[in-house]
Amino acid sequence: MDENVAEFLRRSILKIPLGEMKTILSAWNFLSEDQLQTVNLRQRKEFLAQEIILMCEEKCASVDDMALLDIVYTQVHRHQKLWNVFEMSKEPGEDVDLFDMKQFQSSFKKILQRALKNVTVSFKVDGKNAVWIRIAWGTQYSQPNQYKPTFVVYYPQTPYAFISSCRLKSTVPLLHQALKVATKHHQIVQLDLRSRHLDSLKAIVFREYDQTFENHNSTVPLQEGSLGLNMSLDSNIIHENMEEKERIHRVTQDTFGAYPQPQLEFAQYKLETKFKSDISGGILADRKEPLRCLIKFSSPHLLEALKSLAPAGIADAPLSPLLTCIPKKKMNYFKIRDK
């Protein structure tokens, strides 16, 4: 086995948590069951890596085999990547073609390899029929960098692809061209939607985030105890509080639904406006350049946090459409300009 392949494998093993080692190696489907049973997980990672390297040497493992292991690791740890969403489109009136996996893989790889001599392209289909593509980029004069690959997740016969951040910006047009040709689309555009939560991005673009709606009942009236009301208060105050709480609850359910929200970590708003005043003169009045402002909302679960603001009494209900339209508009990056 080539020493570069051995080093690639060593680094891959070292980054896999011990608790996930057997699961990931099994999903890799390269080592036999007998070999997996002999793997000693009670030793130091360096010794474990050497043990697995020796096993792979017996099977003449290649860089393509190591790339597949990296795909399996990334499938498990997909949240470590920042995913961008791209939408493709066909010419008006163009028919939807039947998807052929072999043709797709061959076409995608040919586009990249014709334009770039040194590039490694690997494919793996997951249990949800998504095609995972791993591209290790090189140049005309250097071998592919296996430690800084780009990942693409494509769902066949849909217009959407999810792409991890490309470190080499010069490769982006080539990657887009390969996707368009392989999927038989005419155009590809990047949506203003990105996150580390790949499953939530998929739920947003495919409108899957409301599938658990039937498991919730938004029509059940709220009880005093569930609203946190002090029953020793005057009955008129309790009645007013109940009405207001029920209004907030109803508006929140109408706005967000009764189902769990897709998980996003941030939403960003860029404001660009010109200063307007009836009073002439002054520094801002003479300014020709627009005023620019950047506002960013961050949370481990932003949409659920926004959903809880009004019921918690932190914000009025309903919230601004700019905050509540994120899933419907398929955006969490907004640019706000003067009309």
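All values below were derived from every heavy atom in this structure, side-chain atoms included, with hydrogens, water molecules and symmetry-related copies excluded.
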Q: State, to 0.1 Å, how close N332 and L193 come at their nearest heavy-atom pair, and which atoms those are.
A: OD1-CA, 3.2 Å
Q) If you take all heavy atoms of P311 and I248, which pair is closest and at what distance? A) N-CG2, 3.7 Å
Taking atom types as modelled, is there a side-chain donor on [X] or [Y] under 3.5 Å from an acceptor on the other?
{"X": "N145", "Y": "W137", "answer": "no"}
{"X": "S195", "Y": "E265", "answer": "yes"}
{"X": "T252", "Y": "T255", "answer": "no"}
{"X": "Q146", "Y": "R134", "answer": "yes"}
{"X": "E51", "Y": "Q43", "answer": "yes"}

Check for me, please, whether [X] and [Y] land in the same ILVMFWY cluster - side-chain distances under 4.5 Å, paths through other members count.
{"X": "L18", "Y": "L9", "value": "yes"}
{"X": "L68", "Y": "V39", "value": "yes"}
{"X": "F334", "Y": "L271", "value": "yes"}
{"X": "F86", "Y": "L179", "value": "yes"}
{"X": "L112", "Y": "M88", "value": "yes"}

**Q.** Close side-chain approach of M1 and K59, heavy atoms under 4.5 Å
**A.** no
Q. Any side-chain heavy atom of T74 within less than 4.5 Å of one from W132?
A.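 SC-SC contact between T74 and W132 confirmed.
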Q | Distance flag, aromatic centroids of Y154 and F104, threshold under 6.0 Å | A | yes
Q) Would a line drawn from the ring center of Y147 to the ring center of F8 be shorter than 6.0 Å? A)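 Yes: the rings meet the under 6.0 Å criterion.
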Q: Let me see the working for Y155 and F206 under ring pair (Phe, Tyr, Trp, His ring centres under 6.0 Å), right down to the final yes or no.
A: CA-CA 11 Å; Y155 288 84; F206 292 139; 5.7 Å; yes
**Q.** Worked verdict on T150 versus V172 for side-chain contact (heavy atoms from CB on, under 4.5 Å)
**A.** CA-CA 10 Å; T150 300; V172 172; over 6 Å; no
Within a 6.0 Å radius of atom [atom1] on [X], are there more than 12 heavy atoms belonging to other residues, nucleotides or ligands?
{"X": "F47", "atom1": "CZ", "answer": "no"}
{"X": "Q140", "atom1": "CD", "answer": "yes"}
{"X": "D316", "atom1": "CG", "answer": "no"}
{"X": "K22", "atom1": "NZ", "answer": "yes"}
{"X": "K335", "atom1": "NZ", "answer": "no"}
{"X": "L41", "atom1": "CG", "answer": "yes"}
{"X": "R167", "atom1": "CZ", "answer": "no"}

Q. Got a sec, which pairs hit side chain to side chain donor-acceptor pair (under 3.5 Å) with one end in residues 317-330, sequence neighbours left out?
A.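 For residues 317-330: Y160-K330.
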**Q.** By side chain to side chain contact (heavy atoms under 4.5 Å, CB included) - contacts of H79 (at least two apart)
**A.** H77
Looking at [X] and [Y], would you say the former's side chain and the latter's main chain have a donor-acceptor pair under 3.5 Å?
{"X": "K184", "Y": "K90", "answer": "no"}
{"X": "D192", "Y": "M331", "answer": "no"}
{"X": "K124", "Y": "A67", "answer": "no"}
{"X": "W28", "Y": "I71", "answer": "no"}
{"X": "E304", "Y": "Q261", "answer": "yes"}
{"X": "S200", "Y": "Q263", "answer": "yes"}
{"X": "Q103", "Y": "D100", "answer": "no"}
{"X": "H249", "Y": "R247", "answer": "no"}

Q: Start with the C-alpha gap between K270 and R337, add the side-chain angles, then the distance that decides, and say whether side-chain contact (heavy atoms from CB on, under 4.5 Å) holds.
A: CA-CA 8 Å; K270 286 185 178 180; R337 294 187 175 94; over 6 Å; no
**Q.** Check ion pair R11-E7 (N to O, under 4.0 angstrom)
**A.**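 Looking at E7 together with R11, the answer is yes, because their closest N to O distance falls below 4.0 Å.
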Q) Does D70 pair with K15 as a salt bridge, N-O distance under 4.0 Å? A) yes
For the atom pair [atom1] ([X]) and [atom2] ([Y]), what is the distance rounded to the nearest 0.5 Å?
{"X": "N84", "Y": "S165", "atom1": "CG", "atom2": "OG", "answer": "5.0 Å"}
{"X": "L323", "Y": "Y269", "atom1": "CG", "atom2": "OH", "answer": "4.5 Å"}
{"X": "R196", "Y": "L264", "atom1": "CZ", "atom2": "CG", "answer": "13.0 Å"}
{"X": "S122", "Y": "I133", "atom1": "OG", "atom2": "CD1", "answer": "10.5 Å"}

Q. Does the side-chain contact (heavy atoms from CB on, under 4.5 Å) test come out yes or no for L291 and K274, once each step is laid out?
A. CA-CA 6 Å; L291 300 171; K274 289 191 175 182; over 6 Å; no
